[in-house]
Amino acid sequence: MNNQFFKKRAYGVIRKLMPLKFVAVFFMLCAFQMSAHASKLMQAQEVNILAKNSTLEDVFQQIEDQTSLRFFYDSNEVDVNQPINQVYKDVKLSDVLASVLEAQNLTYTILKNQIILKKETQSQTSLSPNKVQDNVIEGQVTNEGGGPLPGVNILVEGTNNGAMTDFDGNYSVEVNADSKVLIFSYVGFKTKPVKIENESRIDVVMEEDVELLDQVVLIGYGKQKREDVSGSVSSVQTDDIVQASAGQVGFDRALGGLVKGVQVSQNSGRPGSPIRMNIRGVTSPLSSGGGLNQPLYVIDGVPFNTEGISGSNPLLTINPNDIETFDILKDAAATSIYGSRGANGVILVTTKKGKRNQETTTSLSYKTTIARPINKVKVLDASQYRDYYDLLIGNSVDAMNSGKLDPSFAFDLQNIGNVDIDFSDFTSTYNGLNENYFGNADTDWNDEVFRSMAITDQVNFGISGGTENTNYSLNLAHVNQEGVVNHDRFEQYNVGMSLNTDLSDKFTFGGTVNLGHTKAKSGEETVLGQYNVNTMVVRARPDLPVRGDNGNLLPQEDYENGFQTYEPNPLMRLGNDGLDKSYNFIGNGFLEYEPIENLKLKADINAAVFYSDNGTFVPKSAQTDMVIIPSTSFLEKSSALVSNVTTNLTANYEFRFDKHRFTTMIGAAWDQTKTDSDGQFYSGFPDDDVLTNPTSAEELLGLHRH
């Protein structure tokens with residue numbers, strides 16, 4: 001709004017300083033000639049596009065990277081997934097666009113730095129490019145106060161014909177007999193369509209779009225209108241979060257791509273695993289694992305950092321459906337209230353609460369989503385596996401006979417191939433593969449390890465309401481998610497409660513409580529760190545079946561260690577018993593007193609408690625059977641308790657002077673954080689099924705406390 005105010009004032013001064021009308025007209029004509037000339041230069045600009053097995057969206061991105069132009073289009077009209085397989089080297093931009101847009105019958109118009117794409121209508125294709133239009137419409141575009149608006153875009157709907165208003169808001173646009181609507185658009189104003197009804201002049205009054213400027217964003221201990229915020233603040237629409245989080249647990253993974261300047265990444269796709277978030281890049285390159293680059297989270301007034309919370313994802317305390325507002329503070333001005341804790345940005349989340357004078361309402365939703373792996377590691381089938389070893393042994397024998405490889409290597413090759421050794425001169429002869437080593441199966445271990453469909457069930461229930469002096473809410477949620485990897489399962493339970501009431505005309509009391517409990521099961525081994533899901537699939541033998549004749553999982557013969565061993569097949573490696581549990585609490589309470597009008601004294605206490613209990617049992621069957629060396633089983637147990645308590649005392653006074661509004665705030669805060677953690681590592685258990693608790697272990701190998 002302020003930008004528009006200054007623009008209008010600037011244009012008014014220019015008009016007063018140019019009493020001669022022809023000077024303004026001359027300036028306007030020069031501006032339009034320069035704009036048209038710039039458009040032609042842009043179209044003549046040469047670009048290099050590499051689009052091998054790419055999409056139309058990839059071509060758009062390469063053009064935007066090489067020019068100052070940006071694409072503008074209706075996603076319902078343009079299929080950005082259209083396959084493109086073409087290379088353009090030093091080709092004019094206009095020729096590239098004509099080539100890639102032809103398949104979808106699209107046309108384009110360059111206005112300033114925008115390439116506007118439109119679907120070519122039948123009326124357009126039937127007209128000759130040189131055909132003179134039937135009519136000319138003129139008019140003036142003004143704001144609600146009667147001031148002219150220069151630079152307004154006018155587009156004839158369904159065509160690529162357009163115009164732009166001059167410094168006095170005047171315009172002239174050519175239309176044909178089939179034209180029905182003119183579209184008027186301008187930054188800071190609502191787009192306005194106007195019907196064409198055989199008139200030659202159409203004057204338009206545009207309405208300012210103040211909806212965005214009236215939005216309220218959270219900043220530190222208070223809130224302001226977005227138009228009054230001088231710092232960098234980004235807000236995420238809660239509907240976008242809910243939509244992006246469908247089929248997922250927690251709101252953190254849903255943030256990827258929703259906020260500019262915020263990078264969301266994750267080390268594991270396992271259900272419930274935490275994400276890593278960086279606001280405006282890596283601010284501390286010396287930090288370990290990016291821990292110091294994590295933002296400060298403030299959920300319902302409770303601040304906490306995610307680093308140091310071992311084995312727990314505290315963001316799972318909040319159900320995405322319960323989020324009311326989600327704001328990100330990016331710069332020092334907006335985050336100064338949090339001190340050094342906010343140096344990497346602050347993410348402010350408030351949950352939904354009831355409203356005053358609202359009838360009690362209830363909501364119930366149930367969603368089922370299905371996930372499947374879209375990319376798998378490509379591995380050899382049984383025939384390719386045999387060919388690989390046939391080629392390997394043949395080349396190895398040739399290398400030994402030519403002195404390029406140690407002849408003793410032939411003893412290892414004899415386990416898989418028929419290799420005869422002449423001890424007189426230590427030469428070898430390869431007579432084909434050892435058929436006794438290879439099986440007759442053709443197993444795709446990707447199909448065995450990954451689920452074809454992983455189902456997620458989500459249930460949400462809420463009740464909220466309020467009277468003249470009180471508002472309340474209660475929200476319950478449950479998520480039951482299958483991982484795409486067999487044996488992976490995740491469960492989440494959430495409870496959210498809020499109460500806000502006026503004790504009197506001067507006193508207001510309120511509070512919120514968010515409880516979360518998660519339980520994650522996994523068969524993947526994370527203790528010894530030997531294999532992940534993909535590496536175990538790559539190493540598995542495709543020529544052997546999953547199970548033996550007795551129905552038990554079948555280990556796989558191997559000679560990698562120089563002697564015979566038996567490697568667990570991938571399903572056996574997924575036989576670990578991993579169970580991670582977490583219990584999270586985020587809550588606050590406040591008491592506010594207003595002794596005089598506009599002066600508010602507030603005391604609040606905020607608490608966050610995160611407890612995690614993790615354990616993984618690694619059975620002997622999930623490890624390499626060394627045959628000559630007995631295997632043992634292992635158990636890792638760990639727990640962590642992190643608590644944060646913050647107390648705030650603030651005084652806030654707001655007053656007006658003439659047309660200006662002032663807000664002052666003073667306060668004091670106390671913050672205390674405690675961390676307790678311990679872990680144990682055991683070995684030697686009587687069996688792999690029942691006696692797997694710490695008391696059944698033969699030996700305690702490691703212990704740590706913090």
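Computed from a predicted model, the values in this text were never measured in an experiment. Scope of the values below: all heavy atoms of this structure, side chains included, with no hydrogens, waters or symmetry mates. When a residue number appears, it is its place in the shown sequence, counting from 1.
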Between the side chains of [X] and [Y], is a donor N or O closer than 3.5 angstrom to an acceptor N or O?
X: Asp678; Y: Ser639; value: yes
X: Thr646; Y: Asp671; value: yes
X: Asp488; Y: Ser522; value: yes
X: Arg541; Y: Tyr437; value: yes
X: Ser424; Y: Asp422; value: yes

For [X] versus [Y], what's the shortest heavy-atom pair and its separation?
X: Met453; Y: Glu482; result: O-OE1, 3.8 Å
X: Ile393; Y: Val419; result: CG2-CG2, 3.9 Å
X: Asp543; Y: Gly439; result: OD2-N, 2.9 Å
X: Met572; Y: Ala622; result: O-CB, 3.4 Å
X: Gly587; Y: Val302; result: O-CG2, 3.3 Å
X: Tyr389; Y: Leu433; result: C-CD2, 4.1 Å

[Y] and [X] aromatic ring geometry - parallel, tilted or perpendicular at 30°/60° bounds:
X: Tyr493; Y: His517; answer: parallel
X: Phe681; Y: Phe634; answer: parallel
X: Tyr385; Y: Phe438; answer: perpendicular

[X] bridged to [Y] by N-O distance under 4.0 Å:
X: Glu448; Y: Arg547; value: no
X: Lys620; Y: Asp687; value: no
X: Arg573; Y: Glu567; value: yes

* Between the side chain of Asp390 and the main-chain N/O of Gly432, is any donor-acceptor distance below 3.5 Å? ->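 Checked: no pair found.
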
* Between the main-chain N or O of Tyr566 and the side-chain N or O of Glu557, is there a donor-acceptor pair closer than 3.5 Å? -> no

* List the steps, then state whether side chain to side chain donor-acceptor pair (under 3.5 Å) holds for Asn514 with Asn494. => CA-CA 7 Å; Asn514 292 286; Asn494 293 101; over 6 Å; no

* Asked: Do Leu392 and Ser396 come within less than 4.5 Å of each other through their side chains, counting heavy atoms only?
  ->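 Side chain of Leu392 against side chain of Ser396, heavy atoms only: contact under 4.5 Å found.
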
* Any side-chain heavy atom of Lys637 sitting closer than 4.5 Å to one from Asp613? ->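 Contact flag for Lys637/Asp613 side chains = yes.
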
Pairs under 3.5 angstrom only: tabulate donor-acceptor contacts from the side chains of residues 399-410 to other protein residues two or more places apart or in another chain.
residue	atom	partner	partner atom	Å
Asn401	OD1	Ser428	N	2.9
Asn401	ND2	Val397	O	3.3
Asn401	ND2	Ser428	O	3.0
Ser402	OG	Asp398	O	3.0
Ser402	OG	Ala399	O	3.1
Asp406	OD1	Ser408	N	3.0
Asp406	OD1	Ser408	OG	3.1
Asp406	OD2	Ser408	OG	3.2

* Can you spot which of Asn480, Thr456, Asp457 makes a side chain to side chain donor-acceptor pair (under 3.5 Å) with Thr368? => Asp457

* List the steps and the verdict of side chain to side chain donor-acceptor pair (under 3.5 Å) for Ser582 and Ser612. => CA-CA 4 Å; Ser582 69; Ser612 61; over 6 Å; no

